[in-house]
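The block underneath contains the structure these notes are about, expressed in structure tokens.
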Amino acid sequence: MNLAVDQNRLVAEIEELAAISEAEPPVVTRIVFSAADLLARAWLVGRCEKAGLAVRQDAIGNIFARWTGSEAAAPAVGTGSHIDAIPNAGKYDGVVGVLGGLEAIRSLERVGFCPKHSIELLVFTSEEPTRFGIGCLGSRLLSGAMTPEAAGKLSDKDGASLEEVRRNAGYQAPLRDVKLRDGYYKAFVELHIEQGPLLEEQKVPLGIVTSIAAPASLRFTIGGAGGHAGAVLMPERRDALCAASELILAIENAAKTSGAVDTVATVGICDVFPGAVNSIPSRVHLTLDIRDTDLGRRDAGMRAIGTAQKTIAAKRQVSIEEEIVNADAPAQCAPLIVEALSEACRKHGLASIEMVSRAYHDSLFMSRVAPVAMLFIPCRNGYSHRPDEYASPEDIGRGVLVLAETLAALAG
Ligand code: HGY
Ligand code: MN
Ligand code: MN
């Protein structure tokens, strides 16, 4: 097959999608089921239909765009990613896997490839943990990693439940319909920017992911005593923000002293109540994101943080409540799919390295229902989740070419 990627159209589509945002360019913000997200979904469905794909959406809004193969009843080969974006994000995270997956399918159509197994482009709902506090909502429900009942309990910070938000967005079917039947996919391959500096540093154009780190996220509520910033003397204070600050440094220390560089921990949100310059903080909400490629080490980090939490609460006479939002196992990618990606790289004379994914992706959950692997392309300085996130047209083109070759090998 003389495969060729229409790089110019793909880059133009990435720019077009980036402009559908709640923020001014070059910033991309596209929170799940926001007006921008719904517009972006409609735009994308139009692009898929223009490519001749049969499009359906499930009860949580996962989008399936299918190129039906000659053995339509056979398990499909899936590819895809997400188009939702956190606040103040860039234009490539997730999008490269969605629009790149669409272009991979179009490039196979252009050379007259006829799939035996259908090839299906998937756009997952809410890969980012923004609105409902947990990431990979769509792929968790697809894979059964989250029950419809648990999803039904989710609500956003304004108190709007997932149920009412999804129904207002037009998704009326019951969530129990989302879970995929066994054997639905023969394989799933996700193209994504690396979101790290390794490929660029090693000057290698492609990374083949062999495992995806184990993510966990928790919420902490620190309760102290409020009061007048001038009148309450220091010995009488039970300042919730000072206690939270100690906990944040204990979290950082737990990651730094885990014995491996693979343990990472982040406090990304710190809400202070009442939040007045002359009022002692009485309550603080913190979020913790802690990950590791090794499950045991990640859980040991969580235990170390739990011990520090008890010590700080006792010493400062504050309450510290924790809620585990998710604590997921890591994913091992399927050697068969890893090999298919390696073979596709070799076929096109492209160097590649095997690597772990420190970011999580929908493939983490798709690995529970199909053999998966991921293909990374470099992003400048490893930057991601920021407006200056950048992947070159040439790197995107190489990723799509290898993805198309791999899909053909798996669906042929
Ligand atoms: O946080 C992550 O790893 C992903 O980018 N949502
Ligand atoms: Mn992301
Ligand atoms: Mn992503």
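One-based numbering, in listed order, for ligands and for the atoms of each.
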Do you know which N/O/S atom name in D93 is closest to the Mn ion (ligand 2)?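 D93's closest N, O or S atom to the Mn ion (ligand 2) is named OD2.
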
To the Mn ion (ligand 2), the closest N, O or S atom belonging to H385 is NE2

Subject >> Check against side chain to side chain contact (heavy atoms under 4.5 Å, CB included), L175 and R166 >> reply: CA-CA 10 Å; L175 287 180; R166 76 179 182 93; 3.6 Å; yes

Exercise. If we only count N/O pairs under 3.5 Å, is D93 in contact with ligand 1?
Worked result: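 No, D93 has no N/O under 3.5 Å of an N/O on ligand 1.
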
*Nearest non-hydrogen protein atom, atom 1 (O) of ligand 1*: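 Nearest neighbour among protein heavy atoms for atom 1 (O) of ligand 1, to 0.1 Å: R291 NH2, 2.8 Å.
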
- Message: Which residue and atom name correspond to the protein heavy atom nearest atom 5 (O) of ligand 1, and how close is it?
- Response: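 Its nearest protein heavy-atom neighbour is H385 NE2, 3.2 Å.
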
I'd like to know if [X] and [Y] make a salt bridge, using a cut-off of under 4.0 Å between side-chain N and carboxylate O.
X    : Y    : result
D294 : R298 : no
R140 : D328 : yes
E120 : K186 : no

*State whether E128 contributes an N/O/S atom found under 2.8 Å from the Mn ion (ligand 3).*
no

Using 2.8 Å as a strict upper limit, say whether an N, O or S atom of H361 approaches the Mn ion (ligand 3) that closely.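 False for H361.
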
* Using modelled atom types only, decide if a donor and an acceptor are shared between the side chain of E127 and the backbone of H82 within a distance under 3.5 Å. =>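 Such a contact is absent between E127 side chain and H82 backbone.
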
- Task: Using modelled atom types only, decide if a donor and an acceptor are shared between the side chain of N62 and the backbone of G138 within a distance under 3.5 Å.
- Result: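 Pair found, side chain donor or acceptor close to backbone of G138.
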
For A359, the atoms of ligand 1 under 4.0 Å from one of its heavy atoms are 3 (O)

